[in-house]
Amino acid sequence: MSITKYIFVTGGVSSSLGKGIIAASLAKLLQARGYRVTIQKLDPYINVDPGTLNPYEHGECYVTDDGAETDLDLGHYERFLNVPTSQSNNVTTGRIYQSVIEKERRGEFLGKTVQVIPHITNEIKERIQILGKSGDYDIVITEIGGTVGDIESLPYIESVRQLKWELGDDNALVIHLTLVPYLSAAGELKTKPTQHSVKTLMESGIRADILVCRTEHELSDDLKKKLALFCNVRQEAVIQSIDASTIYDVPNMMLDEGLDKVTLAKLNLEDTTVPDLTHWNSFLTRHKNPKGKVKIGLIGKYVELQDSYKSILESFIHAGAENEVKVKVKPIHSEYLNAANIADKMKGLDAILVAPGFGERGIEGKIEAVKYAREHKLPFLGICLGMQMAVIEYARNILNLKDANSVEMDPETSDPVINLMEDQKAITNMGGTMRLGAWDCQLTEGSIIAGVYGTKEIKERHRHRFEYNNAYRDQLESAGMKTTGINLETDLVEIIELENHPWFVGVQYHPEYKSTVANPHPLFVNFVAAAYSFSKSKSK
Ligand code: GLN
């Protein structure tokens, strides 16, 4: 296929309708028909990237191989498609303006007045087409963050209008995701909000080609007909998206509704194959028919908000299916954990995961949890800050260095077992300056981790400023905390394990960013298996 086709996904009526999941599901169906597809997210906020956002604001920050700090929707794209994304897959208004202003400073606009139209819209259009022009994709799906009608979305909507006009109707289409609410007092589904939101889109010169309607109840044919007539779309282009018990059901639901078929027809693409979802469906079967269950404690400080640990929760779903066990994740707030309540809070758990994080709040609770897992031989996985807490706990309680800490939490500590990385010391700008993206790591033969991966060389994604302090390595190693993964270039300790413990692993990197339906992450798969063995040994 020579020309790349573009699909734009906009949202109306309400936020949180799941544009990312609809985009990922459509992409999955097109991929399963043999098309090469990628998805891009355009975010209308002014932050240059979500790296500086607190998880309470915008959920987890997802990191790509090339070190981009991105929106969590990119995690869904990778988990569904099993194709890595990159910086080009996530663009914010901040990045667009930064780039235009830098060009202005370089004099690239030759004395012109720099304006939203055409300069900002041109920059947006260029960013949308970067992926298409790479030649790697037949179809690029671009999800526009926010809701139509928002002031901040306007330049994006105008860019879509222009691009649709420039590319032609066969090469670009707009899917509008809306809500069809059910009013229980009236006992009816209501179409008016959708009509209004389609009208708002129309005011910006865009006619939606396909409507995807989120609903809690089935849309009748009559209702679909009404929506089609008043929203100016064909009836087969009114797609129902009913609430699903798992996001992984959505591709099949969209298949049943024919979303892929109308898309191909509108884009004048061949519709000769049927999507091959064999692997996907076998994952779903395993996910829905577990033969056992495990309960894993997730110790973190953002546990109130599901989205804060999105990739970890999804990795558990993949790993659970792989092991054919149901993983029940029990969120445990680290801020309220202490020596007095730890035994009670850990009761009934088959394993614990100590989560990544930043700053001092809740770290003493995390250290208590590590101690409990170590002493009770409970399978333990520490990710990033979780690994650093494991080192601190060992230093304090086994090496007897009572003041041991990370300089992130206590810059004056007399035993900085976790130190600021050398190349971070001169950094004053906080955005995009951590150790980010994929780095090599060499595993120690015979270690748990080498068994987990079945190889000696791995590459995993990172996001941190602090590191294991090699000055304490000999002491920690002789006392039983083994270093089993190293970045050879920098001698940075990436992985620690404990002797005399069935499964205690801390990793400086984030395995959760690389787990997908097609490729469940081996570390999570193995961790869940260890939890399952633990649960079985308890019941003996
Ligand atoms: N705050 C720690 C650091 O910067 C850990 C970061 C994380 O958990 N992602 O090193």
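Below, all heavy atoms of this structure are taken into account, side chains as well, without hydrogens, waters or symmetry copies. Counting begins at 1 with the first residue of the sequence. When a ligand or atom number is given, it counts from 1 through the structure's own listing order.
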Distance to 0.1 Å, residue and atom name: give those for the protein heavy atom nearest to [atom].
atom                    : value
atom 10 (O) of ligand 1 : Phe466 N, 2.9 Å
atom 5 (C) of ligand 1  : Gly357 O, 3.3 Å
atom 4 (O) of ligand 1  : Arg465 N, 3.0 Å
atom 1 (N) of ligand 1  : Glu408 OE1, 2.7 Å
atom 7 (C) of ligand 1  : Cys384 SG, 2.9 Å

In this structure, does ligand 1 have an atom that sits under 4.0 Å from one of the heavy atoms of His510?
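Right, His510 reaches ligand 1.
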
Applying a strict 4.0 Å limit to heavy atoms, is Met434 in contact with ligand 1?
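It does not, in that no heavy atom of Met434 comes within the 4.0 Å cut-off of ligand 1.
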
Would you check if the side chain of Tyr156 reaches a backbone N or O of Asp43 as a donor-acceptor pair within less than 3.5 Å?
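Yes, the answer is positive, given that a donor and an acceptor are paired below the 3.5 Å cut-off.
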
Give a yes-or-no answer on whether the side chains of Ser282 and Arg286 include a donor-acceptor pair shorter than 3.5 Å.
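Yes - a donor-acceptor pair under 3.5 Å links their side chains.
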
Between Thr142 and Gln40, is there a side-chain donor-acceptor contact under 3.5 Å, judged purely by atom types and distance?
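Yes.
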
Glu364/Arg396 ion pair, N-O < 4.0 Å:
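Here Glu364 pairs with Arg396 in a salt bridge, since their nearest N and O are under 4.0 Å apart.
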
Salt-bridged, Glu467 to Arg435, with N to O below 4.0 Å?
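No salt bridge links Glu467 with Arg435.
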
is_close_aromatic(Tyr453, His521), centroid dist under 6.0 Å
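Yes: the rings meet the under 6.0 Å criterion.
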
Please identify which atoms of ligand 1 are closer than 4.0 Å to at least one heavy atom of Arg463.
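Once the distances to Arg463 are compared, the set is 6 (C), 7 (C), 9 (N).
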
Heavy-atom distances under 4.0 Å are what count here, so tell me which part of His464 touches ligand 1: side chain, backbone, both or neither.
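Both parts.
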
Between Leu476 and Tyr468, is the side chain to side chain contact (heavy atoms under 4.5 Å, CB included) condition met? List the steps.
CA-CA 11 Å; Leu476 286 160; Tyr468 178 111; 3.4 Å; yes

Any nitrogen or oxygen of Leu385, side chain or backbone, less than 3.5 Å from one on ligand 1?
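Yes; the residue has a nitrogen or oxygen that sits under 3.5 Å from a nitrogen or oxygen of the ligand.
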
